[in-house]
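The structure appears right after this line, and notes come after that.
Quick note: residue numbers are just sequence positions, from 1. Quantities reported herein were computed from a predicted structural model and do not represent experimental measurements.
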Amino acid sequence: MSLKVKDIIRFERTFTKEDVELFTKVSMDEGDHHTNPDELGRIVVQGLLTATLPTKVGGDYNVLARTMNFEFLRPVFIGDTISCEVTIEKLEKKDNNRISILATFLCTNQHEKQVLSGNFAGVILGH
């Protein structure tokens, strides 16, 4: 396995209007702030769409999550570029030939403001 405790995995994404429209259809989260611009012309990206950044990293390593904790710190808007850093906190081999994992994450926008933090735990499949 290539992961080690204290590894940091980074991923970045810029959210588009199309991303929000697709997620609105899939999630049925049609809050007014996700469909109509505010007084500054901004549309808020759904929190769970923002949360796909750390889950994408988990998917890259075939993690089957058991728990996920998110703290939404400030809104993300269409056009924002969000950088996500996932830190591997714990890895432990299990009897069933799986590895348990605990990771924390912090997402920041292009202005270096924190927008999302949290953690996830589960098992890495296929080992």
Side-chain angles (χ1 to χ4, degrees):
M1 182 183 63
S2 59
L3 284 179
K4 298 180 296 302
V5 172
K6 302 293 181 206
D7 278 357
I8 298 174
I9 301 129
R10 292 176 178 83
F11 177 69
E12 185 176 281
R13 178 176 180 182
T14 301
F15 288 99
T16 67
K17 184 174 193 261
E18 292 77 23
D19 294 333
V20 171
E21 288 171 348
L22 282 170
F23 195 80
T24 299
K25 285 181 185 175
V26 170
S27 68
M28 296 188 282
D29 181 353
E30 300 173 341
D32 197 46
H33 51 293
H34 300 312
T35 57
N36 295 307
D38 67 8
E39 65 280 354
L40 299 177
R42 304 173 301 180
I43 292 179
V44 176
V45 174
Q46 288 92 341
L48 288 179
L49 179 53
T50 303
T52 63
L53 275 75
T55 63
K56 185 258 190 245
V57 172
D60 288 348
Y61 290 91
N62 213 22
V63 174
L64 176 61
R66 294 218 171 124
T67 63
M68 302 177 90
N69 297 297
F70 301 105
E71 184 174 358
F72 300 95
L73 304 169
R74 61 175 33 92
V76 171
F77 300 100
I78 289 174
D80 282 354
T81 299
I82 307 301
S83 176
C84 183
E85 286 192 354
V86 176
T87 303
I88 307 305
E89 302 292 346
K90 189 176 179 182
L91 293 168
E92 184 180 316
K93 290 189 182 211
K94 295 293 185 182
D95 294 338
N96 58 2
N97 203 28
R98 291 185 177 179
I99 298 169
S100 68
I101 183 172
L102 172 64
T104 56
F105 55 85
L106 180 63
C107 300
T108 55
N109 66 18
Q110 68 275 16
H111 305 294
E112 298 182 15
K113 301 285 187 187
Q114 296 178 0
V115 297
L116 175 66
S117 66
N119 62 64
F120 62 84
V123 294
I124 299 174
L125 301 174
H127 289 278

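- With rounding to the nearest 0.5 angstrom, the CD atom of E85 is 9.5 Å from the SG atom of C107.
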Inset, instruction - List the steps and the verdict of side-chain contact (heavy atoms from CB on, under 4.5 Å) for T14 and D19. - result: CA-CA 10 Å; T14 301; D19 294 333; over 6 Å; no
Legend entry - V20/L49 under side-chain contact (heavy atoms from CB on, under 4.5 Å): CA gap, chis, key distance, verdict: CA-CA 8 Å; V20 171; L49 179 53; 4.2 Å; yes
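- Hydrophobic clustering places L48 together with V115 (ILVMFWY residues linked when any side-chain heavy atoms are closer than 4.5 Å, directly or through intermediates).
- Looking only at distances, a side-chain donor or acceptor of D7 sits under 3.5 Å from a matching main-chain atom of K4.
- To the nearest 0.5 Å, atom NZ of residue K90 and atom NZ of residue K6 are 12.0 Å apart.
- Atom CD of E112 has 12 or fewer neighbouring heavy atoms from other residues, nucleotides or ligands inside a 6.0 Å radius.
- With hydrophobic clusters built from ILVMFWY side chains whose heavy atoms lie under 4.5 angstrom apart, I99 shares a cluster with I101.
- Nearest heavy atoms, F105 versus L116: CE1-CG, 4.0 Å.
- Distance check: N62 CG to L125 CG gives 5.0 Å after rounding to the nearest 0.5 Å.
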Quick one: side chains of residues 64-74, donor-acceptor pairs under 3.5 Å with protein atoms, not counting sequence neighbours, listed by atom name and distance.
| residue | atom | partner | partner atom | Å |
| --- | --- | --- | --- | --- |
| N69 | ND2 | N119 | OD1 | 2.9 |
| R74 | NH1 | Q114 | O | 3.0 |

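- V86 is connected to F11 through a chain of hydrophobic side-chain contacts under 4.5 Å among Ile, Leu, Val, Met, Phe, Trp and Tyr, so both are in one cluster.
- The OG atom of S83 sits 7.5 Å away from atom CZ of R10, with the distance rounded to the nearest 0.5 Å.
- The two atoms that bring T104 and E89 nearest to each other are OG1-OE2, 2.7 Å, heavy atoms only.
- Under a 4.0 Å N-O distance rule, the pair K25/E21 does not qualify as a salt bridge.
- By the rule that hydrophobic residues join a cluster once side-chain heavy atoms approach within less than 4.5 Å of another member, L91 and I8 end up as members of separate clusters.
- Counting only N and O atoms by type, the side chains of S27 and Q46 include no donor and acceptor under 3.5 Å apart.
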Pair up each side-chain donor or acceptor in residues 53-60 with any protein partner under 3.5 Å, not counting sequence neighbours, and list the distances.
| residue | atom | partner | partner atom | Å |
| --- | --- | --- | --- | --- |
| T55 | OG1 | T52 | O | 3.1 |
| K56 | NZ | D60 | OD1 | 3.0 |
| K56 | NZ | D60 | OD2 | 2.6 |

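- With rounding to the nearest 0.5 Å, the separation of NZ in K113 from CD in Q110 is 11.5 Å.
- In terms of the side chain to side chain contact (heavy atoms under 4.5 Å, CB included) criterion, residue partners of P75 (sequence neighbours excluded) are, by chain and number, V44, F77.
- Under a 4.0 Å N-O distance rule, the pair K94/E92 qualifies as a salt bridge.
- The NZ atom of K17 lies 11.5 Å from the CG atom of L22; values are rounded to the nearest 0.5 Å.
- The only member of T81, V76, I43, D80 that meets side-chain contact (heavy atoms from CB on, under 4.5 Å) when paired with F15 is V76.
- Minimum heavy-atom separation, Y61 to I124: O-CG2, 3.3 Å.
- Under the 4.5 Å side-chain heavy-atom criterion for grouping Ile, Leu, Val, Met, Phe, Trp and Tyr, L106 is not connected to I88 through any hydrophobic cluster.
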